[in-house]
Amino acid sequence: MSKVDATELVSGDVWLTRIARFRVEVWRAYGILADGCYEDGLCLEPQDQDAIHIVLQAEGRLCGAVRYNDYPRLEACPLASSYQAAGIVLDGPIAVPERLVVAPEFAGLDIWAALSDRLLQIGQQRQARYMISECSEPIARAVKKRGRRSLGMAPVDPRFPGSRFEWMLTDFTAL
């Protein structure tokens with residue numbers, strides 16, 4: 001196994017394309033992506049353009065990636081209507097990390113933890129009050145062990161049949 005580098009912040013079109021391709025490769029490798037989704041092999045979303053992108057590499061090869069966005073208030077978040085329907089009410093600013101992916105061959109190396117730690121650092125630096133993370137079941141269990149609390153289950157995402165996601169809350173005022 002290659003040595004994993006420290007987390008790094010990346011930007012630019014070349015990186016966005018590389019990360020967008022990596023997401024789809026990881027989801028396909030885990031067998032969780034619905035047929036017909038991302039047929040071009042890229043998961044590039046509008047939020048990617050303004051996001052802070054964090055990656056981990058091993059000898060130039062991507063092992064993990066995540067994006068970080070923050071918003072002045074909950075109502076400005078892309079999933080605001082879902083949060084509102086779930087009865088979630090939080091004061092801003094709100095950090096929203098998304099699309100945390102780890103290549104299967106690196107799954108046991110706490111890549112997600114390194115990315116999560118960097119997300120916390122950025123959220124604190126950018127003075128977010130709360131962070132809402134939509135986590136897969138295994139990551140939600142790990143995040144709970146780190147003292148975060150659940151805000152309930154997120155709506156089912158048809159792109160990921162058979163997968164359930166849970167909203168986890170980080171309260172920066174309690175850290």
Side-chain angles (χ1 to χ4, degrees), residues 1-10 19 22-23 25-33 43 47 51-58 61-71 74 77-80 82-83 85-157 159-175:
M1 186 69 57
S2 304
K3 181 187 176 308
V4 176
D5 298 337
T7 60
E8 60 184 305
L9 304 182
V10 297
I19 291 167
F22 178 66
R23 291 173 183 156
E25 289 170 359
V26 168
W27 294 331
R28 286 182 178 155
Y30 281 109
I32 63 171
L33 192 60
C43 172
Q47 296 92 319
I52 296 171
H53 292 274
I54 308 164
V55 299
L56 269 169
Q57 299 185 83
R61 182 167 172 243
L62 275 175
C63 319
V66 65
R67 78 169 173 232
Y68 171 100
N69 291 84
D70 51 34
Y71 304 91
L74 192 66
C77 298
L79 294 176
S82 294
Y83 300 148
I88 298 170
V89 178
L90 298 169
D91 293 328
I94 306 290
V96 181
E98 295 177 294
R99 305 295 177 243
L100 192 152
V101 290
V102 175
E105 57 272 29
F106 294 95
L109 297 180
D110 283 338
I111 301 298
W112 78 269
L115 292 169
S116 180
D117 290 345
R118 190 67 183 267
L119 288 168
L120 289 173
Q121 178 188 49
I122 292 169
Q124 288 174 318
Q125 288 170 346
R126 294 179 60 92
Q127 299 180 344
R129 184 161 182 185
Y130 297 102
M131 180 163 49
I132 298 177
S133 306
E134 191 171 306
C135 301
S136 64
E137 292 174 288
I139 299 300
R141 282 192 299 273
V143 170
K144 286 175 188 172
K145 288 180 184 175
R146 290 179 149 210
R148 306 311 184 272
R149 78 176 170 95
S150 175
L151 294 175
M153 299 305 288
V156 172
D157 188 332
R159 295 171 295 181
F160 304 100
S163 297
R164 289 299 320 244
F165 298 95
E166 188 170 358
W167 286 318
M168 300 303 299
L169 179 69
T170 300
D171 179 346
F172 285 105
T173 64
L175 296 181

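With hydrogens and angles ignored, the 3.5 Å screen pairs a side-chain donor or acceptor of Ser150 with a backbone N or O of Gly152.
Residues Thr170 and Tyr130 have side chains not in contact (no heavy-atom distance under 4.5 Å, counting atoms from C-beta outward). Residues Cys77 and Tyr83 have side chains in contact (heavy-atom distance under 4.5 Å, counting atoms from C-beta outward). Looking at Val102 and Val26, their side chains never come closer than 4.5 Å, going by heavy atoms from C-beta outward. Looking only at side-chain heavy atoms (C-beta outward), Leu74 and Ile132 come within less than 4.5 Å of each other.
If you take CZ on Arg28 and CZ on Arg23, they are separated by 14.0 Å, rounding to the nearest 0.5 Å.
With sequence neighbours excluded, the residues forming a side-chain contact (heavy atoms from CB on, under 4.5 Å) with Pro104 are Ala29, Tyr30, listed by chain and number. Looking at residues two or more places apart in sequence or on another chain, you find a side-chain contact (heavy atoms from CB on, under 4.5 Å) between Arg149 and Leu151, Leu169. Residues passing the side-chain contact (heavy atoms from CB on, under 4.5 Å) test with Gln125 are Gln121, Ile122, sequence neighbours excluded. Residues satisfying the side-chain contact (heavy atoms from CB on, under 4.5 Å) test with Thr7, not counting sequence neighbours, are Ile54, Leu56, Ala114, Leu115, Arg118. Applying the side chain to side chain donor-acceptor pair (under 3.5 Å) test to Glu98 and every residue at least two apart in sequence or in another chain returns Arg67. Annotation: side chain to side chain donor-acceptor pair (under 3.5 Å) contacts of Asp157 (sequence neighbours excluded): Arg159. Residues satisfying the side chain to side chain donor-acceptor pair (under 3.5 Å) criterion with Glu134, sequence neighbours excluded, are Trp167. Applying the salt bridge (Lys or Arg N to Asp or Glu O under 4.0 Å) test to Asp117 and every residue at least two apart in sequence or in another chain returns Arg146. Listed by chain and residue number, nothing satisfies the side chain to side chain donor-acceptor pair (under 3.5 Å) test with Gln47 (two or more places apart in sequence, or in another chain). For Phe165, the ring pair (Phe, Tyr, Trp, His ring centres under 6.0 Å) partners at least two apart in sequence or on another chain are Phe160. Annotation: salt bridge (Lys or Arg N to Asp or Glu O under 4.0 Å) contacts of Arg129 (sequence neighbours excluded): Asp91.
Closest non-hydrogen pair, Leu62 versus Phe22, comes out as O-CE1, 3.6 Å.
The list of salt bridge (charged side-chain N to carboxylate O under 4.0 Å, His left out) pairs with a residue in residues 161-175, not counting sequence neighbours, reads Lys144-Glu166.
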